[in-house]
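First the structure, in the form of structure tokens, and then the observations on it.
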Amino acid sequence: MRLIVTEKNSSAKKIAEVLGAPAGGPKADKTYKVPFYTWTNAEGREEMAIGLKGHVLGPAFPEGYSNWQKTDLHDLIDADLIKEPTDKNVVKAIKKMAKEADELVIATDFDREGELIGLEALEEMLDANPSLGTREDTAKGTLKILRARYSATTKEELLRAFDNLDYLSYPLANAGAARQDIDLLWGATLTRAVSLSTRRFGSNFLSVGRVQSPTLGLIVEREMERRAHVAKPFWELFAKFEHPDGTFQTHHTVDKFWEKAEADKALAGTSGPGVVKAVTARKNTRRPPTPFNTTAFTTDASSRLGITPASAMRIAEDLYMDGFISYPRTDNTVYPSSLPVRELIRSLTNVKEFSAASGLNDLAELKPTRGKKETTDHPPIYPTQAIHPGALEGPKKRVYELVVRRFLATFSPPMITESTRADIEAGSETYFVRGSVVVDPGYAGIYTYARSADEEIPALQEGQELQLAAVPEFRADDEPDANPWIVGKETQPPSRISQGKLIELMEERGLGTKATRADIIQKLFDRGYVYGNPPIPTETGIALYEAFKKYVPRMATPEMTADIEAEMDRIAQGEMTKGKVVGDSRELLHKTWTEIDEKKEDLAKVVWKGMDEDRILGPCKVCEEAGRTKEDGSPNMLRIIRAKKSGKRFVGCSGWKADAEPDDPKSCDQTFPLPQRGDVFRLEERCSICDRTPRLKVQPFRGRPWNLCLNDDCESMQEMKKRRAEREAAKKAKEEMDAKPQPKGDEDAPPKAKAKKGAKKTKVSKADTATRGVKRAKAGTKS
DNA sequence: GCAAGGTC
């Protein structure tokens, strides 16, 4: 029997369908819950295809290294790594199948990780059936094992791959294995180092890694730029002119006046009527977008649909499993020639929602755009099936539509816009107005997200005279909004990096892969290094990154990834061995650890300072009003405190003195309850609505984040209170209904009992926002 | 309880 092993079930199924077609199709079955497919080929030989679930084995530390406190990190660095199965059922299944096989074809994905996954599976199968070869052979790389390399699971491409079988590349697989070992050794060693030195144990540990730390760095560096930003005031000058079509606004040709006096001078020089000096029109051609790879898909889902990369990938995974779109993890931006694009376009444009692109069916030749990256892993993301988007629900519908519209757009003509600019001289000053009109929407007709709204301006001719709509006037500086002529503004700090942009930056710097970038960002949230959307770094996150930038810059920058990539290439080319590369890396890691071991107290102090700052929510209004301050004269601060006895968290004032009498005027007894579950962080030091207490954002473990003003009387909380009361009333009503059909005769005893229970419940649900559960202990330490 | 990389 010839056994074909793929990286995932969907590929095994496709291969079985294509190769098994002459025999009337494959038979599907399962073993150890793993699906497999069998058929008989043209020569009467039995064939079987089975899909793995990604990696079969992963590197791990052997026994004896699991206690963080008791393991010397130099020993950890020298540990002989073992390989652990990632899914026992998959291993059992392929071992069982291998026993019946007399030939193997590795048909995992056509990329480096695919080669490694193939080797992992091979090692397990040789264990089960040594007649196929031995582990020693694979270690030496002397065993020739067939390899199918395909870059799309289309019939044409699969037949081509199986007619041109190649051999497994051990050097390529070993390159991937070296990366695994280095990532684990560095990640585990330094994660333990920083967690131990800051005494953050258990689920509270602090982590660092080759990809996560530089990614955090991108966010922190931008935050530092924002903090360093000094707002600079400037003034913009506007003038309104009369026109038969209506008055319209123009902007002074000086973009920004940095001195108010200059703007005033320009305004004083402005007088009517204005004379149109020049009218220029320009045609702009915008090329249709390139095919979707994972990065472009996630950034578009983020910017056009407002769906975070992590959810976009989850939704795409669902759509892929349902057979509506192709494999969503791909680097490729060029459609392979084997895609049946004409048929696809025909069926897609038959769906009413996508009929705007039906013109494509009349084209003699379909010429899609091409992106910069052409890879062998998978095709770009495209719709594999036409369905009515209305048949899908919620975000799935919008994501499917996005993929369809993008696909159709890549075959569509460019968008043509015409922009017009007119310069108008008014006195000694010149003003201008610009408009833009879509002449031919082209691809934007189907890729509707890209279409810009027309900004029309009145028809203007050179030499035309226009009256000013109002007489230039000066107003007091303290009412800038009241003056239609001069608008005072100030320069803004660079904006925070959106999650979509972050994915793009990661790709640019080679950080992570198409399959991991969204997960890495999620990890930064889970560790409490960032919060909010766009992600804002916590003080802990900032401190940790800054500490690593100082002490282990290799880990805090993309440098390590770049080095590893270069080394992997050399292993794949046969210029270096995995053993040498990992050995050298271990040596460097010993050196690195020795260096930070000496400075770990400094590192811990930096991180602790950040953690402390994250607990501080804002100044205490009560102390402020009572004139109480800290010894140094700075305000007493409200901060998150964890009660020693109960483990519950609450907000207390730094002005509280443990030994004070209950009504000692020198001590502040202000406290506020906090939700016990979910992550809490500061939204405002002082609520902008009530101006009394800090305002927080609560991110529950699951579900939508909500805002909480600590001041219960704050107007911002009234709506929430109202809704809470409504919920309780509804609940109570329901309970009373439930209580009604109780056995008669027994007076009102049972209903009473129920009602009592109900009342109690109500209280608990009220506490939903205040005190409940202590499960997520970690959550309390953030702000 | 560690990383990053696959896939579900």
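In what follows, chains carry the letters A, B, and so on, assigned in the order in which the sequence lines appear, proteins first and then strands, with residues in each chain numbered from 1.
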- request: Report which part of the nucleic acid Val56(A) touches: base, sugar-phosphate, or nothing (heavy-atom distance under 4.0 Å, all strands).
  value: nothing

- prompt: Would you say a side-chain N or O of Gln212(A) is under 4.0 Å from OP1 or OP2 of dA3(B)?
  reply: yes

- line: Within residues 47-54 of chain A, the residues having a heavy atom closer than 4.0 Å to DNA chain B are Lys53(A), Gly54(A)

- request: Using a cut-off of strictly less than 4.0 Å, decide whether Thr513(A) has a side-chain nitrogen or oxygen near OP1 or OP2 of dA4(B).
  value: no

- prompt: Which part of the nucleic acid does Asp87(A) contact within heavy-atom distance under 4.0 Å: base, sugar-phosphate only, or nothing?
  reply: nothing

- request: With the side chain of Val211(A) defined as its heavy atoms from C-beta on, choose the nearest nucleotide among dG6(B), dA4(B), dC8(B).
  value: dA4(B)

query: Has Lys523(A) got a side-chain N or O lying under 4.0 Å from the OP1 or OP2 atom of dA4(B)?
result: yes

message: Please confirm whether the shortest side-chain N or O distance from Arg179(A) to OP1 or OP2 of dA4(B) is below 4.0 Å.
response: no

task: Select one nucleotide: of dA3(B), dC2(B), dC8(B), the one nearest the side-chain heavy atoms of Pro59(A).
output: dA3(B)

Residues touching DNA chain B, which here means a heavy atom under 4.0 Å, drawn from residues 547-555 of chain A: none

- prompt: Reckon Arg210(A) touches a base, only the sugar-phosphate, or nothing at all at heavy-atom distances under 4.0 Å?
  reply: sugar-phosphate

- prompt: Is there aromatic stacking of Trp68(A) against dG1(B), centre distance under 5.5 Å, plane angle under 30°?
  reply: yes

task: Would you please confirm or rule out a distance under 4.0 Å between OP1 or OP2 of dA3(B) and any side-chain N or O of Arg527(A)?
output: yes

query: Ser66(A) near the nucleic acid: base, sugar-phosphate alone, or nothing, with a heavy-atom cut-off under 4.0 Å?
result: base

query: Looking at the side chain of Asp109(A), which of dA3(B), dA4(B), dT7(B) is the nearest nucleotide?
result: dT7(B)

- request: Indicate whether OP1 or OP2 belonging to dG5(B) is found under 4.0 Å from a side-chain N or O atom of Thr516(A).
  value: yes

query: From dA3(B), dG5(B), dC2(B), pick the nucleotide closest to the side chain of Ile520(A)?
result: dG5(B)

